[in-house]
Amino acid sequence: MTANATRVLVLNSGSSSVKYQLLDMADGARLAVGLVERIGEETSRLAHTPLATGGAKREREQPIADHEAALRAVAGELAADGLGLDSPELAAIGHRVVHGGKKFTEPTVITDEVTAEIERLIPVAPLHNPANITGIRVAQALRPDLPQVAVFDTAFHTTMPEAAARYAIDVETADAHRIRRYGFHGTSHAYVSRETAKLLGKDPSEVNVIVLHLGNGASASAVKGGRCVDTSMGLTPLEGLVMGTRSGDIDPAVISHLARNAGMSIDEIDSLLNKKSGLIGLCGDNDMREIRRRIDAGDERAALAFDIYVHRLKKYIGAYYAVLGKVDAVAFTAGVGENAAPVREAAVAGLEELGLAVDADLNAVRGDEARLISPEYARVAVAVVPTDEELEIATQTYALVSA
Ligand code: ADP
């Protein structure tokens, strides 16, 4: 790596999409951001914004056959702004990898053995890890000489004690099939818990934080002195909170009940719980903005969906309060957490005895900065802390390759 190589390309490869950001770690500046969607379809779409040059967003629809074609198109867009992948200023490529199992507890420089291990984890992450591996292979082909780093969604949660990580099922069966609670959104939980400590003027080791990452997918975590001790997602991102399209916690007997009584196949049940449940299953919408609009118009189904969402959230706040014993802050983040003031207000309502309260005026303020929304008298800080998974992936990647 040359001395002035300070740029990191962050790639988040999904099954039919690639999200990317190019950052300069000398100052944390974002040089370009973009997204390729509907890879493999006739109507693939590429949106690229060259922030470095102040240029306007460029959007194109064109068939993009596969991930290789997608990354080549991204490389072409970057090159057009003088930010090409062949630049000596590029220090590394950081890949978001969803499932790192028990083994990957840290960001890791990708070798053939690392890719093989990510491949071995496909049975526990069938939707995500194959796409992540494709992204890695294509990026390696484009720049074989450049360090590539895997940053795992599960890594932050590997500090969970066995009491939180194990399901209460037969141990031999669990171990034979790697069944345990891994947790996801770890990059966000790590970043937000640290930023929350910063907001309180403390070191992460001094504070206990409950992080509520509420996006389309949603998860809660209990972070004790900077280390995760419990999180709501499990073997897969289906467990825990009510999400946009996922059920979160249900009685596992619902699955055998549906198989026996509704004649549904395992794949149909999987699809029901992952894609047709949560807010969309309850009321037909998964966007919190639309749900609030319907509630304001007197829609009862939307109101019930909101209540179920908030009830689950409140249960997890209570559970993690008990897990931590003492809580310094509750931090709301991601699309819903950062923007939906009514969700924050309702989730904390009635928890004054636990030292939790939200100030209505502070809660109504909108902004991109981390901020407190609890009144001064409250024992526990309630905060809105915008997440930045790409910055965190770039920071971890750069720290590893520049060490
Ligand atoms: P993802 O999990 O896809 O990364 P995000 O963290 O971007 O999701 O969150 C997306 C969700 O955030 C949307 O589905 C919507 O419910 C919610 N959201 C976004 N903006 C707002 C807003 N202004 N008010 C309320 N909810 C919002």
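Start at 1 and go down the list; that is how both ligands and their atoms are numbered. Computed from a predicted model, the values in this text were never measured in an experiment.
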Q: Is any side-chain heavy atom of R227 less than 4.5 Å from a side-chain heavy atom of F156?
A: no
Q: Name the closest protein heavy atom to atom 3 (O) of ligand 1, giving the residue it belongs to and the distance to 0.1 Å.
A: N216 CB, 3.7 Å
Q: Find all atoms of ligand 1 within a distance of less than 4.0 Å from any non-hydrogen atom belonging to G217, and give their numbers and elements.
A: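 Numbered from 1, ligand 1 contributes 2 (O).
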Q: Around atom 24 (N) of ligand 1, find the nearest protein heavy atom and jot down its residue, atom name and distance.
A: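 Nearest protein contact, heavy atoms only, for atom 24 (N) of ligand 1 is R289 CG, 3.3 Å.
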Q: Is there a heavy atom in R293 that sits closer than 4.0 Å to ligand 1?
A: no
Q: Determine, for E239 against R180, whether the closest basic-nitrogen to carboxylate-oxygen distance falls under 4.0 angstrom.
A: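 No salt bridge links E239 with R180.
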Q: Closest non-hydrogen protein atom to atom 23 (N) of ligand 1, residue and atom name please, with distance?
A: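 Nearest neighbour among protein heavy atoms for atom 23 (N) of ligand 1, to 0.1 Å: N339 CB, 3.4 Å.
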Q: Applying side chain to side chain donor-acceptor pair (under 3.5 Å), run through T6 and D24 and close with a yes or a no.
A: CA-CA 6 Å; T6 53; D24 192 337; 2.7 Å; yes
Q: Does E61 pair with R45 as a salt bridge, N-O distance under 4.0 Å?
A: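 Here E61 does not pair with R45 in a salt bridge, since their nearest N and O are not under 4.0 Å apart.
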Q: Closer than 4.0 angstrom: is that true for some heavy atom of G244 and an atom of ligand 1?
A: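 No, that is not the case, since the closest heavy atom of the residue is not under 4.0 Å from the ligand.
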Q: Below 3.5 angstrom, do we get any N/O pair linking M288 and ligand 1?
A: yes
Q: Write out the residue and atom name of the closest protein heavy atom to atom 6 (O) of ligand 1, then the distance separating them to 0.1 Å.
A: G335 N, 2.9 Å
Q: May I ask you to identify, for N286, whether its side chain, its backbone, both or neither come under 4.0 Å of ligand 1 on a heavy-atom basis?
A: backbone
Q: Checking T187 against E389: is there a side-chain donor and acceptor pair closer than 3.5 Å?
A: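 No donor-acceptor contact under 3.5 Å links the two side chains.
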Q: Using a 3.5 Å distance criterion without hydrogens, assess whether the side chain of S15 forms a donor-acceptor pair with backbone atoms of A131.
A: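 No; zero donor-acceptor contacts below 3.5 Å.
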Q: With heavy atoms only and a cut-off of under 4.0 Å, state how M243 meets ligand 1: side chain, backbone, both or neither.
A: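 It is neither; nothing of M243 touches ligand 1.
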Q: Numbering the atoms of ligand 1 from 1, which are under 4.0 Å from a heavy atom of V336?
A: 12 (O), 16 (O), 17 (C)
Q: Looking only at protein heavy atoms, identify the closest one to atom 15 (C) of ligand 1 and say how far it is in Å.
A: D287 OD1, 3.5 Å
Q: Is a side-chain N or O of T115 found less than 3.5 angstrom from the main chain of T111, in a donor-acceptor match?
A: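 Judged by distance alone, yes, a pair lies under 3.5 Å.
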Q: Counting each atom of ligand 1 from 1 as listed, which ones have a heavy atom of R366 under 4.0 Å away?
A: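 Counting atoms of ligand 1 from 1, those under 4.0 Å from R366 are 23 (N).
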Q: With respect to S219, which candidate in H189, H213, H157 satisfies the side-chain hydrogen bond (donor to acceptor under 3.5 Å, both in side chains) definition?
A: H189
Q: Go through ligand 1 atom by atom and flag the ones less than 4.0 Å from a non-hydrogen atom of A334.
A: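 Taking each heavy atom of A334 in turn, ligand 1 has 6 (O) under 4.0 Å.
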Q: So, H99 versus Y182, ring centres under 6.0 angstrom or not?
A: yes
